[in-house]
Student: 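Dumping the structure here so I can ask a few things about it.
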There are 2 protein chains.
Amino acid sequence: MERQAYDCAAGCPVESTLQFVAGKWKSVILYRLFQEQVGRYSDFERWMPTISARMLARQLRELVADGLLEKKIYAQVPPKTEYRLTAFGRSLWPVISAMEQWGQRYNLGQVKATSTDVLPK
Amino acid sequence: MERQAYDCAAGCPVESTLQFVAGKWKSVILYRLFQEQVGRYSDFERWMPTISARMLARQLRELVADGLLEKKIYAQVPPKTEYRLTAFGRSLWPVISAMEQWGQRYNLGQVKATSTDVLPK
DNA sequence: CAGCTCGCTCACAAAAGTGTTAGTAACTCC
DNA sequence: GGAGTTACTAACACTTTTGTGAGCGAGCTG
């Protein structure tokens, strides 16, 4: 099983949240779906060009298994699938949104900023 | 270097945030410091009993290198060090707090809940 | 009937992350 | 003077995560 095990004896709430969100691409996938409502497999490939097909399929599968996304398969050829957030997935909006805002404010470029770049003195 | 590389061509803000927060234990360390203000090395060992010394030292070092924490070394024997949040680190409060709240609401136990456990119908 | 399409999956290999054990420095207490 | 203290680090092995390349099924298009 390719999943990190967070075992927090005291039931740390931050760790529980991480269980759902901490895959390398998961929060980005969720973020995209918050923006676009629906995404097909090929949409994600376009939105996140550096992800490999293997990872994309796997992260999507885990998100579906966790109940955050739902997957609709159309029985047609060539195949078509759609992913969208479930109500449970949508409940993560505060988390994703906080990440988005922090990233916009403190890290507009993709290169890591240090505190001195951001906070004067 | 033990660091994941997120290269988001479009400069996705969620990915930039992940760069700082996505270590296996980083957000938990930050969370603890938001609660306690100050932490010594041995405090973290007590707060997070399942982390290994190697990981703790490493995650702390990275957080300091990223400018999120500052480290104060007292020149005494036996040695004493204190870690606390910098202003930059404190700017992450909305992210950590959103994680905390989601974890408290939807995942009180440490076992993964599924959507059906949480959302009626 | 060859080729294209889409949404994947599999096997293999490389890379990243993690745990374990041992050890250090230097001062105090017994 | 031997043991205990704190905050680590280094070496090694192991596990987990990730990338790569290949392939598949089934119908539609030329």
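In the text below, chain A, chain B and the rest are named by the order of the sequence lines, each starting its count at 1.
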Student: Could you list the residues that satisfy side chain to side chain contact (heavy atoms under 4.5 Å, CB included) with B:Q37, not counting sequence neighbours?
Tutor: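 Here no residue qualifies.
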
Student: Under the salt bridge (Lys or Arg N to Asp or Glu O under 4.0 Å) test, which residues partner A:R84, sequence neighbours left out?
Tutor: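 A:E82.
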
Student: Between the axis at one end of the helix from C:dC1-D:dG30 to C:dC30-D:dG1 and the axis at the other (five pairs apiece), what's the angle to 10 degrees?
Tutor: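 Overall, the helix from C:dC1-D:dG30 to C:dC30-D:dG1 bends by 10° from one end axis to the other.
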
Student: To the nearest Å, give me how far apart CZ (B:F44) and P (D:dC8) are.
Tutor: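 It works out to 10 Å between those atoms.
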
Student: Run the ring-centre check on B:F20 versus A:W102 and record whether the distance is less than 6.0 Å.
Tutor: yes

Student: Nearest whole angstrom, please: distance from the C1' of D:dT16 to the CD of A:E62.
Tutor: 12 Å

Student: Measure CD/B:Q76 against C1'/C:dC27 and give the value in whole Å, please.
Tutor: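 Answer to the nearest Å: 11 Å.
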
Student: How would you summarise protein contacts on nucleotides 3-11 of chain C per nucleotide, using B for base, S for sugar-phosphate only and - for none, with heavy-atom distances below 4.0 Å?
Tutor: --BBSBS-B

Student: Looking at residues at least two apart in the chain, or sitting in another chain, which of them share a side chain to side chain contact (heavy atoms under 4.5 Å, CB included) with A:E45?
Tutor: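 Partners of A:E45 under the side chain to side chain contact (heavy atoms under 4.5 Å, CB included) test: A:Y41, A:S42, A:A53, A:L56.
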
Student: Who are the side chain to side chain contact (heavy atoms under 4.5 Å, CB included) partners of A:V77, not counting sequence neighbours?
Tutor: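 Testing A:V77 for side chain to side chain contact (heavy atoms under 4.5 Å, CB included), a comparison that skips the adjacent residues, returns none.
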
Student: Starting at atom CD of A:Q59, determine the distance to atom P of D:dT17, rounded to an integer number of angstrom.
Tutor: 10 Å

Student: Has the side chain of A:T17 got a donor or acceptor atom that lies under 3.5 Å from a matching backbone atom of B:G103?
Tutor: yes

Student: Ignoring hydrogens and geometry, is there a side-chain-to-backbone donor-acceptor pair from B:S91 to B:F88 under 3.5 Å?
Tutor: yes

Student: Counting only N and O atoms by type, is there a donor-acceptor contact under 3.5 Å from the side chain of A:D66 to the main-chain atoms of A:L63?
Tutor: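 Judged by distance alone, no pair lies under 3.5 Å.
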
Student: Over how many whole Å does the gap from A:M55 atom CE to D:dT20 atom C1' extend?
Tutor: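 Value for this atom pair: 14 Å.
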
